[in-house]
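As structure tokens, the structure follows; a few thoughts come after it.
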Amino acid sequence: MRTDAQVTVGKALDVLRLIDDRNGSTHLLRIHDDAIDAADLRKVRATPDSQGLASFDPGFVNTAACRSAITFIDGDRGVLEYRGYPIEQIAGRCSFLEVAFLLINGELPGPELHEWEASIASVATLPEVVYEVIQRMPHTAHPMNVLAAVVALLGGVYPEARDRAQAETRKLNGNRLIAQVPLIAALVYRNHQGLPFVESDPSLGYTGNFINMMFAGHGLTHDHPDIHSAIETLLVLHADHEQNCSTNVLRGIASADADPYISVSGAMGGLSGPLHGGANEAVLKMLHEIGSVDRVPDFIAHVKAGDQRLMGFGHRVYKNFDPRGVIVKESTDKVFAVTGINPLLEVAIQLERSALADEYFISRKLYPNVDFYSGLVYEAIGLPADMFTVMFAVARTAGWIAHWLEFEVDPDKKIARPRQLFTGSPRRDLPATHAPA
Ligand code: CMC
């Protein structure tokens, strides 16, 4: 829930009185924004020489790593807002570049939209080395690995990006990433498919150029307005999701003052995993393995036995429907009207129906997430499954850049350096076999 405390950021509102039963000591910990400062826990020591209390939170289940004004989620109510605007209002009504501007600047672009589109178009070309490197990559390499490698390489092409102190430099390199990641994605795809590259034509607009570079001459239904609008909507839905795994990776790398290209490349690594952005690919693999509606009960039984997960279900934050998933599901009708129904849709619908009625999923509050249906849409458009996460990465680049720009001027910016609870050997001496020479 958004609380009044979130509005009065930084103002101490209350204290937590903590009694340490190990020695009877009492500690007052400042509460602000419904949080305590974890560093204050260090004051709580069982003995004077102990390192003080730490919070143990692998996976950051209840640890706020930053303040952020970009995206708000209320997982219990299934709410997602970009800069205050509900995702249900944004999807289908705002273009991806409008959303990117909103995420970065806090407001929708008015007359600035034209200038923003032009500034992205002006850097929507790739250096020659990118073409050379992609062509040398084996066709068998997973597109996410190639994408992340090439994005890291751009940091070497634009070394001035390391000068993060200048707002103009940060802006230029943020714009370059938003403009160039889709171009790289398209080259990666075409190389993967053994297709000739298509040159960037920024006059087609951000999404038009991306779609053209991906699919031109490829005999697909991509040029249909409903397909264009489905891709635009998927980009908008995936544009940001506050402190998810990949954004946290980005912040971790950027916290060491690394350049934005290698920070985004690292974030892509996090995104590629099947528990995060790689879930869309994993869902399709799962649906193909199940194959038909009559095999759904057997599959669900295996999930409940703990043999495998129902991919595209569950979320760390949403304990209700993922609002993005609801929108993707609604958009499938329009896409399938153009492409023909994906036969796996029936399997997906039956899986969803069975899971939502099953105590295992109900008690754990497991609902379909954004990636349960997105893979079906991408497959219908003609994309191979290993490209799905690349589509996610193109979209999320806008969110990553918004977070990177916010983080670079955050007065709380600090190198990420968690503590550990040491479980290894106590100090000991090397055995006599390793006596000094
Ligand atoms: N299928 C079966 N059981 C599940 C699933 C699932 N998809 N997700 C969670 N559970 C169970 C889990 O086994 C555990 O049960 P128990 O309490 O008996 O041990 C309980 O639910 C809590 O799960 P958890 O692993 O502690 O939850 P988490 O918050 O750490 O994990 C998640 C979140 C997204 C990694 C997980 O739900 C999952 O693996 N889902 C499938 C992968 C997926 O679809 N990921 C995409 C997320 S949306 C795209 C994005 O933005 O990243």
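Atoms within each ligand, like the ligands themselves, are counted from 1 in listed order.
Closest to atom 1 (N) of ligand 1 among all protein heavy atoms lies Leu310 N, 3.0 Å. The single protein non-hydrogen atom nearest to atom 2 (C) of ligand 1 is Val303 CG1, 3.5 Å, given as residue, atom name and distance. For atom 34 (C) of ligand 1, the nearest non-hydrogen atom of the protein is Gly314 O, 3.8 Å. Atom 9 (C) of ligand 1 has Leu366 CD2, 3.5 Å as its closest protein atom, hydrogens excluded (heavy atom only). Among all non-hydrogen protein atoms, the one lying nearest atom 24 (P) of ligand 1 is Arg309 NH2, 4.2 Å. For atom 40 (N) of ligand 1, the closest heavy atom belonging to the protein is Phe313 O, 2.9 Å. Summary of contacts: the protein heavy atom closest to atom 33 (C) of ligand 1 is Arg316 N, 3.7 Å.
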For Tyr367 and Tyr318: C-alpha separation, side-chain torsions, deciding distance, then whether ring-ring contact (aromatic ring centres under 6.0 Å, His included) applies. CA-CA 8 Å; Tyr367 291 85; Tyr318 294 118; 9.8 Å; no

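With Tyr360 as the aromatic partner, Lys304 does not meet the cation-pi criteria of under 6.0 angstrom to the ring centre and within 45 degrees of the ring axis. Arg251 forms a cation-pi arrangement with Phe407, by the criterion of a distance under 6.0 Å to the ring centre and an angle within 45° of the ring axis.
Put simply, part of Gly312 is less than 4.0 Å from ligand 1, judged by heavy atoms. Ligand 1 lies nowhere less than 4.0 angstrom from a heavy atom belonging to Asn244.
For atom 44 (O) of ligand 1, the protein comes within 4.0 Å by at least one heavy atom. Checking atom 26 (O) of ligand 1 against the protein gives no heavy-atom contact under 4.0 Å. At least one protein heavy atom sits closer than 4.0 Å to atom 52 (O) of ligand 1. For atom 11 (C) of ligand 1, the nearest protein heavy atom lies under 4.0 Å away.
In summary, Glu408 and Arg170 do not engage in a salt bridge, as defined by a charged side-chain N under 4.0 Å from a carboxylate O. Salt bridge annotation for Arg67-Glu406: absent, with no cationic side-chain nitrogen under 4.0 angstrom from a carboxylate oxygen. A salt bridge does not link Asp298 to Arg295: none of the charged side-chain nitrogens sits closer than 4.0 Å to a carboxylate oxygen. Between Asp40 and Arg30 there is no salt bridge, since none of the side-chain N atoms of the basic residue sits less than 4.0 Å from a carboxylate O of the acidic one. Salt-bridge annotation for Arg162 and Asp257: absent, with no side-chain N of the basic residue lying under 4.0 Å from a carboxylate O of the acidic one.
At a 4.0 Å heavy-atom cut-off, ligand 1 touches Leu275 through backbone and side chain alike. At a heavy-atom cutoff of 4.0 Å, ligand 1 is contacted by the side chain of Arg364 but not by its backbone. Of the heavy atoms in Asp371, only side-chain atoms (C-beta onward) come closer than 4.0 Å to ligand 1. Residue contacts with ligand 1 for Phe372 are absent, since no atom lies close enough (heavy atoms, distance under 4.0 Å).
Taking CG of Leu183 as the start and CE of Met213 as the end, the distance is 4.5 Å to the nearest 0.5 Å.
Under the 6.0 Å cut-off for aromatic ring centres, His241 and His315 qualify, their centroids lying closer than that. Ring centroids of Phe96 and His238 are separated by 6.0 Å or more, keeping the two rings apart.
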